[in-house]
Protein chains: 2
Amino acid sequence: MDRPTIDDVARAAGVTKATVSHAYSGKRPISATTKARVFAAAQRLDWVPSSRARALAARRTDAVGVVLSRDPTILASDAFFPAFISGVEAVLAEHEIALVLQVASSRTAEERAYRAMASGRADGVIVLDLHRVDWRVAYLRQIRLPAVLLGAYDAESPFSSVRTDDATPVRDLVARLREQGHTRIAHVSGPLDYVHSHARAGAYVRSVGSKELLREGDFTAGSGRALTAELLDLHDRPTAILYSNDTMAIAGFSYARSRGLVVPDDLAVAGFDDDHLSAHLSPALTSVFTDPFRRGRVAAERLLADLAGEPPESVTVDCNELRLRASTAGAAPEAPHTELEEEFS
Amino acid sequence: MDRPTIDDVARAAGVTKATVSHAYSGKRPISATTKARVFAAAQRLDWVPSSRARALAARRTDAVGVVLSRDPTILASDAFFPAFISGVEAVLAEHEIALVLQVASSRTAEERAYRAMASGRADGVIVLDLHRVDWRVAYLRQIRLPAVLLGAYDAESPFSSVRTDDATPVRDLVARLREQGHTRIAHVSGPLDYVHSHARAGAYVRSVGSKELLREGDFTAGSGRALTAELLDLHDRPTAILYSNDTMAIAGFSYARSRGLVVPDDLAVAGFDDDHLSAHLSPALTSVFTDPFRRGRVAAERLLADLAGEPPESVTVDCNELRLRASTAGAAPEAPHTELEEEFS
DNA sequence: GTGAAAGCGCTAACAC
DNA sequence: GTGTTAGCGCTTTCAC
């Protein structure tokens with residue numbers, strides 16, 4: 001009553017297990033008739049090769065891993081992750097390769113998770129949330145786990161990477177706001193040690209020529225709100241704020257509204273990532289669509305190519321698209337005074 | 001230059017591999033000194049047990065699977081899935097158990113995916129999007145793969161399940177709208193062969209006493225829009241519409257607005273699932289929070305309990321919470337006439 | 001074109 | 001408390 005094994009199939013087909021194995025893998029010529037006998041026997045016995053045994057013998061798991069260093073609760077409210085994973089799965093599903101997910105919230109836990117991947121849970125991994133100086137790059141090389149990095153890693157690395165140009169949309173957006181008369185444009189970034197936050201913030205600073213109105217957030221609604229408060233409390237407050245994701249933008253936007261400011265008349269607001277509901281807010285939120293689905297596809301394809309023996313490569317996905325909406329429409333307000341507005345809040 | 005094996009460690013520690021194995025598993029008493037020698041040797045050699053070999057020998061993978069029958073592109077815009085997975089991971093991470101995800105978009109692909117899980121990719125699975133008559137229940141039993149069903153499965157099943165009460169919030173919402181004077185209350189459901197869609201629709205029908213204003217959607221924005229159009233075209237159109245998820249509600253809401261209707265004055269609108277941005281829409285969307293994170297936790301805990309040998313059990317998670325917001329506030333409009341409104345659209 | 005047999009790196013009886 | 005040994009169910013040389 002146990003699951004049948006390759007031996008059972010071999011016996012039923014009157015061949016040896018080597019033949020059964022090769023009939024399926026095609027790694028050696030098998031006569032059409034034996035092949036047919038083998039398949040028939042397998043079908044009759046309802047045999048499915050054991051992935052465990054296969055993994056051990058072939059030193060290959062047919063799975064790809066992702067280790068998430070984020071807190072599980074944060075995963076839930078993130079526009080990027082589900083779309084990215086969908087893209088990855090779209091490719092993996094075609095090859096019947098599984099995706100192994102592991103969440104690790106401390107560095108030790110994360111190292112253990114990567115070691116587990118290397119010890120046979122996965123054949124390679126995709127690394128998200130890349131830091132500008134990322135211990136994982138050295139670590140993965142040390143444990144010799146194939147990887148694809150999502151983001152532009154500056155230092156030398158033996159790994160493939162999937163890059164995007166986050167600077168252009170930021171630059172375009174600043175230019176646009178300038179045309180509309182904005183002179184005090186602020187930026188609420190994500191943690192600056194992330195490569196993507198840093199790229200966006202860097203483009204912002206180069207565009208506006210100053211770090212005065214740059215504030216470092218952490219992608220959560222709480223930080224969006226707090227830093228917006230800080231910016232609006234300035235004597236010479238900004239008339240436009242660019243946020244490094246939509247969650248912070250929406251939090252900032254709600255907060256500004258609670259202070260009696262009208263978006264976009266008193267304050268222009270823009271996000272990043274283009275959450276699927278952002279276009280439905282009112283005013284609709286200007287955002288940058290970063291096509292996480294497509295980046296997921298490309299990352300998965302790249303990893304499969306690496307695993308197939310191709311040399312590592314850095315591919316740049318040109319996917320970012322500035323989506324101008326009502327939250328940044330219209331002319332900049334003239335000389336806003338914080339005091340005045342507080343009377344109406 | 002190859003990864004060290006348990007034999008290397010045993011040799012280095014001057015013991016046999018059984019001792020090394022037991023020093024880690026604790027499945028037999030090992031003297032403190034030998035244990036220390038073993039750990040030291042392992043650390044020195046930088047040994048990590050091979051999950052592949054371990055899985056084969058122990059007939060256990062230390063992974064839990066989820067097979068998604070949805071199209072990968074749909075995953076991306078779904079409020080439920082990421083939060084649910086986060087909840088699952090929150091539990092699995094503590095036990096260093098991995099989550100194996102596989103997307104399958106046809107029945108054959110899905111069967112293959114489950115067989116792959118059963119053949120060693122995972123020790124058990126969590127089944128989402130349960131149908132009222134679900135072939136997977138019989139199939140999983142046939143291939144003897146432990147499972148936890150998410151939703152109330154009516155027929156006999158040997159599996160644990162995690163249920164919620166979707167009827168109460170629907171009933172409460174209908175009652176509430178009645179109090180506000182609504183008499184024509186419609187419902188745009190999800191596919192009625194899903195247990196959760198069916199439960200919601202059933203509660204709705206029992207509350208309003210008629211199927212006249214029930215329309216079957218498919219959880220996509222497109223169907224939300226189309227069915228809203230259909231309902232608003234009725235001569236005696238509804239003054240309130242309940243949708244079975246927020247995506248359809250928002251699509252319907254935008255469409256109604258495009259026809260010149262004001263929410264909630266002309267039309268009250270409510271969703272289900274409470275997407276994290278729904279409270280930020282204006283008017284803020286009334287919705288039912290279903291705590292997918294918590295349900296993920298419970299499902300994972302239940303599955304681990306099953307795998308540990310406990311008898312299957314059906315647990316009900318009391319997590320649904322009706323969140324009344326502006327989109328259903330105020331009194332019902334009096335005798336709405338479709339013709340009249342069209343003049344202003 | 002097929003068979004025989006040696007692993008893959010562990011776990012778990014079974015000894016002592 | 002520790003050693004010996006037989007698997008787990010495949011893949012892959014090496015023969016013929």
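Owing to the predicted nature of the structure, the values given are computational and were not obtained by experimental measurement. Convention: sequence-line order gives letters A, B, ...; per-chain numbering from 1.
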Checklist entry - So what does R52(B) hit on the nucleic acid, given a heavy-atom distance under 4.0 Å: a base, only sugar-phosphate, or nothing? => result nothing
Checklist outcome for this item: Whole-Å distance, I6(A) CD1 to dT12(D) P, equals 11 Å
Item to check | R59(B) CZ - dT11(C) P separation (whole Å) | outcome: 12 Å
Next on the checklist: Of the listed nucleotides (dC10(D), dC10(C), dG1(D)), which one gets closest to any side-chain atom of P29(B)?
Outcome noted: dG1(D)
Checklist entry - In whole angstrom, what separates K35(B)'s NZ from dG1(D)'s P? => result 10 Å
Checklist entry - So what does S50(B) hit on the nucleic acid, given a heavy-atom distance under 4.0 Å: a base, only sugar-phosphate, or nothing? => result sugar-phosphate
Next on the checklist: Do L130(A) and Y194(A) have side chains that approach each other closer than 4.5 Å (heavy atoms only, starting at C-beta)?
Outcome noted: no
Checklist entry - Is T34(A) touching bases, backbone alone, or none of the nucleic acid, heavy atoms closer than 4.0 Å? => result sugar-phosphate
Item to check | W135(B) six-ring face occupied by R107(B) cation (under 6.0 Å, within 45°) | outcome: yes
Checklist entry - In whole Å, what is the span from the CZ atom of R3(A) to the C1' atom of dG9(D)? => result 13 Å
Checklist entry - Is it true that D306(A) and R302(A) make a salt bridge, defined as a side-chain N closer than 4.0 Å to a carboxylate O? => result yes
Checklist entry - Just to confirm, is there a sub-4.0 Å distance from OP1 or OP2 of dT11(C) to any side-chain nitrogen or oxygen of S21(B)? => result yes
Item to check | dT12(D) OP1/OP2 closer than 4.0 Å to side-chain N/O of K27(A) | outcome: yes
Next on the checklist: Strictly below 4.0 Å: does R28(B) bring a side-chain N or O up to OP1 or OP2 of dT2(D)?
Outcome noted: no
Checklist entry - Want to settle it: does I30(B) or P49(A) sit nearer the 5' end of DNA chain D, counting the closest nucleotide to each? => result I30(B)
Checklist entry - Which nucleotide sits closest to the side chain of W47(A): dT12(D), dC10(D), dT4(D)? => result dC10(D)
Item to check | Y153(A)/H131(A) aromatic ring centres below 6.0 Å | outcome: no
Checklist entry - Separation of D8(B) atom CG from dC10(C) atom C1', in whole Å? => result 13 Å
Checklist entry - Would one find a side-chain N or O of T19(A) under 4.0 angstrom from OP1 or OP2 of dG3(C)? => result yes
Item to check | Sugar-phosphate, base or nothing in reach of K17(B), heavy atoms under 4.0 Å | outcome: base
Checklist entry - Could you give the CG-to-C1' distance, from D7(A) to dG3(C), as a whole number of Å? => result 13 Å
Checklist entry - Parallel, tilted or perpendicular: which describes the rings of Y24(B) and F39(B), with under 30° parallel and over 60° perpendicular? => result perpendicular
Next on the checklist: Any base atoms under 4.0 Å from L56(B), or only sugar-phosphate, or nothing? Heavy atoms, all strands.
Outcome noted: base
Checklist outcome for this item: Out of dG7(C), dA4(C), dG7(D), minimum distance to the side chain of A57(A) belongs to dG7(C)
Checklist entry - Is any side-chain heavy atom of L99(A) closer than 4.5 Å to a side-chain heavy atom of I85(A)? => result yes
Next on the checklist: Just N and O in the side chain of T5(B): are any of them under 4.0 Å from OP1 or OP2 of dG9(C)?
Outcome noted: no
Next on the checklist: Please report the distance, rounded to the nearest Å, between NE2 in H22(B) and P in dT4(D).
Outcome noted: 15 Å
